[in-house]
Visitor: 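Before I ask anything, let me first share the structure, which is written out below as structure tokens.
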There are 2 protein chains.
Amino acid sequence: MDRLSLTFSALADPTRRAILARLSSGPASVNDLAAPFSMSLPAVSKHLKVLERAQLIARGKEAQWRPCEIKAAPLKEATDWMEQYRQFWEERFDRLEDYLKELQTQEKPAPVKSATKRKKHGSNK
Amino acid sequence: MDRLSLTFSALADPTRRAILARLSSGPASVNDLAAPFSMSLPAVSKHLKVLERAQLIARGKEAQWRPCEIKAAPLKEATDWMEQYRQFWEERFDRLEDYLKELQTQEKPAPVKSATKRKKHGSNK
DNA sequence: AATGTAATTAACCAACTAGTTAAATACAAA
DNA sequence: TTTGTATTTAACTAGTTGGTTAATTACATT
């Protein structure tokens, strides 16, 4: 599985996103991480394995604890990928582009219909 | 399923990401979209349904064609979510954190001026 | 050595995913 | 009306996912 797919599928689960959120304020043990959830410890352990495989977390070894730490490098790749679509969710861009295009082709503000209306009402800028 | 999970799981597939890439240069029919892939048409149709459910594409109706158009609004939410982790993949922050930690352990009274020691780029491991 | 705590592994299950082929639907053109 | 083209639906399958409980491993403490 490619890295991007690995990253996105790891993020496609609210439990795992919550775990990352928790880890963003510092390392934690598996028990700590499991506490807020109603699911069993093995279930959380599996989620951690998914996050580890996606390299979104790293795990240590301290006595019987396996402390988890966030390691969000893959998120850079993911945001970089998304960045290429920014134009599609920022309408500002579309509007600006349209506006610039309009300026370029029309040279003058010549909105025919509204110009007629304006003339009728005798008001000018 | 929550919107963020829906978005990430839709993106967690290379075929679907390729379809989005194709659509970012303009609308296309299902056949057009399917052409680059070795899989069957129904398979592509299913991928499109996933993208549609995630609201990453919208579909029209023109005669017997169902043209697809990119509609990347959910990506905004996704990047916004990721943004909160930027600190973890930008080493700038790590440096700052190290610096703050250093301050804390040294118990020195706020040497604000030494902030100039901070480097923006380059590595000194 | 025995006990308790942290975490993982094993075995199982239901639901979902990504693909298949074959059949059905919808429309255009002849 | 028949035929061709675009697309979806249906039925099926293999593999994955997200969860469970029970057993096991690993380590610390008593």
Side-chain angles (χ1 to χ4, degrees), chain A residues 1-23 26-71 74, chain B residues 1-23 26-71 74:
Chain A
M1 204 181 193
D2 63 289
R3 235 170 108 67
L4 221 38
S5 299
L6 216 58
T7 304
F8 284 133
S9 59
L11 297 178
D13 181 286
T15 303
R16 286 194 291 265
R17 289 197 305 275
I19 288 174
L20 283 181
R22 165 65 186 78
L23 287 177
S29 73
V30 179
N31 261 313
D32 288 350
L33 292 171
F37 303 105
S38 56
M39 70 187 67
S40 69
L41 214 64
V44 173
S45 196
K46 281 189 184 181
H47 282 302
L48 292 176
K49 207 180 290 181
V50 173
L51 289 170
E52 191 180 19
R53 201 162 91 91
Q55 292 176 262
L56 286 164
I57 65 168
R59 333 197 52 180
K61 216 173 184 181
E62 267 177 53
Q64 65 254 243
W65 292 274
R66 287 314 112 83
C68 298
E69 189 190 354
I70 193 168
K71 219 71 178 181
Chain B
M1 205 179 190
D2 63 289
R3 236 169 107 67
L4 220 37
S5 299
L6 216 58
T7 304
F8 283 134
S9 58
L11 297 178
D13 181 286
T15 303
R16 287 194 290 265
R17 288 196 306 275
I19 289 174
L20 284 180
R22 165 66 186 78
L23 288 177
S29 73
V30 179
N31 261 314
D32 288 350
L33 292 171
F37 303 106
S38 55
M39 70 187 69
S40 69
L41 216 63
V44 172
S45 195
K46 280 188 185 182
H47 281 301
L48 293 176
K49 205 178 290 181
V50 172
L51 289 169
E52 191 179 19
R53 201 162 89 91
Q55 292 175 265
L56 286 164
I57 65 169
R59 332 198 52 178
K61 217 172 184 180
E62 265 176 52
Q64 67 255 239
W65 292 273
R66 282 322 109 81
C68 299
E69 188 190 355
I70 193 167
K71 219 72 177 179

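Note on naming: letters A, B, ... go to the chains in the order of the sequence lines (proteins, then strands), and numbering restarts at 1 for each one. This structure is a prediction, so every number in the text was calculated from the model and none was measured. When reading the values below, keep in mind they use all heavy atoms of this one structure, side chains included, and skip hydrogens, waters and symmetry mates.
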Visitor: Would you say B/R59 places a side-chain N or O within less than 4.0 Å of OP1 or OP2 belonging to D/dA6?
Guide: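 B/R59 to D/dA6 OP1/OP2: no side-chain N or O under 4.0 Å.
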
Visitor: Tell me if a side-chain donor or acceptor on A/S9 pairs with a main-chain N or O of A/S5 at a distance below 3.5 Å.
Guide: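 Side chain of A/S9 to backbone of A/S5, a donor-acceptor pair under 3.5 Å: yes, one is there.
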
Visitor: Between B/A10 and B/R16, what is the shortest heavy-atom contact and its length?
Guide: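 So the two residues come closest at O-NE, 2.7 Å.
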
Visitor: B/P74 pairs by side chain to side chain contact (heavy atoms under 4.5 Å, CB included) with which of B/L11, B/L4, B/L56, B/L6?
Guide: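 It is B/L56, the one option of B/L11, B/L4, B/L56, B/L6 that forms the side chain to side chain contact (heavy atoms under 4.5 Å, CB included) with B/P74.
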
Visitor: For D/dT7, take OP1 and OP2 only and decide whether either is under 4.0 Å from a side-chain N or O of B/K49.
Guide: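 No, no such contact exists.
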
Visitor: Distances under 3.5 Å between protein N/O atoms and the N/O atoms of nucleotides 14-16 of chain C, please, pair by pair.
Guide:
none

Visitor: Taking all heavy atoms of B/L48 and all of B/I57, pick out the closest pair and write down the distance.
Guide: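 Where B/L48 meets B/I57 most closely, the heavy atoms are O-CD1, 3.5 Å.
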
Visitor: Taking everything shown except B/R3 itself, do over 12 heavy atoms lie less than 6.0 Å from its CZ?
Guide: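 Count over threshold, so yes.
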
Visitor: Report, one pair per line, the protein and nucleotides 24-30 of chain C atoms (nitrogen or oxygen only) whose separation is under 3.5 Å.
Guide:
none

Visitor: Return the minimal non-hydrogen interatomic distance between B/V30 and B/R66, and the atom names on each side.
Guide: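 Scanning both residues completely, I find the closest heavy atoms to be CG2-O, 4.1 Å.
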
Visitor: Looking only at heavy atoms, which two atoms of B/I19 and B/F37 are closest? And how far apart?
Guide: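 Shortest heavy-atom separation between B/I19 and B/F37 comes out as CG1-CE1, 4.0 Å.
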
Visitor: Is the closest side-chain heavy-atom distance between B/E69 and B/R59 below 4.5 Å?
Guide: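 The answer is no, as the side chains (C-beta and beyond) never meet within the 4.5 Å cut-off.
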
Visitor: If the cut-off is 4.0 Å, is A/N31 near the phosphate of C/dT5, judged by side-chain N/O to OP1 or OP2?
Guide: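 So the side-chain polar atoms of A/N31 never come under 4.0 Å of the phosphate oxygens OP1 or OP2 of C/dT5.
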
Visitor: Quick one, give me the B/S/- string for nucleotides 17-22 of chain C, reading 5' to 3', where B means a protein heavy atom under 4.0 Å from the base and S means that only happens at the primed atoms, P, OP1 or OP2.
Guide: -SBBBB

Visitor: Whether B/S45 contacts D/dT8 is assessed here as follows: a side-chain N or O lying under 4.0 Å from the phosphate OP1 or OP2. Is that the case?
Guide: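 Answer yes for this pair, as a side-chain N or O of B/S45 is under 4.0 Å from OP1 or OP2.
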
Visitor: Taking all atoms of both residues into account, what is the closest heavy-atom pair of B/W65 and B/S29, and its distance?
Guide: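 For B/W65 versus B/S29, the nearest heavy atoms are CD1-CB, 3.9 Å.
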
Visitor: So, for B/R17 and B/A12, which heavy atoms are closest and what is the spacing to 0.1 Å?
Guide: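 Taking every non-hydrogen atom into account, NH1-C, 3.9 Å.
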
Visitor: Rounded to the nearest 0.5 Å, what separates atom CG in A/N31 from atom CD in A/Q64?
Guide: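 Rounded to the nearest 0.5 Å, the CG-CD separation comes out at 10.0 Å.
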
Visitor: Provide, to the nearest angstrom, the distance between the CD atom belonging to B/E52 and the C1' atom belonging to D/dT8.
Guide: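 One finds 12 Å between C1' of D/dT8 and CD of B/E52, rounded.
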
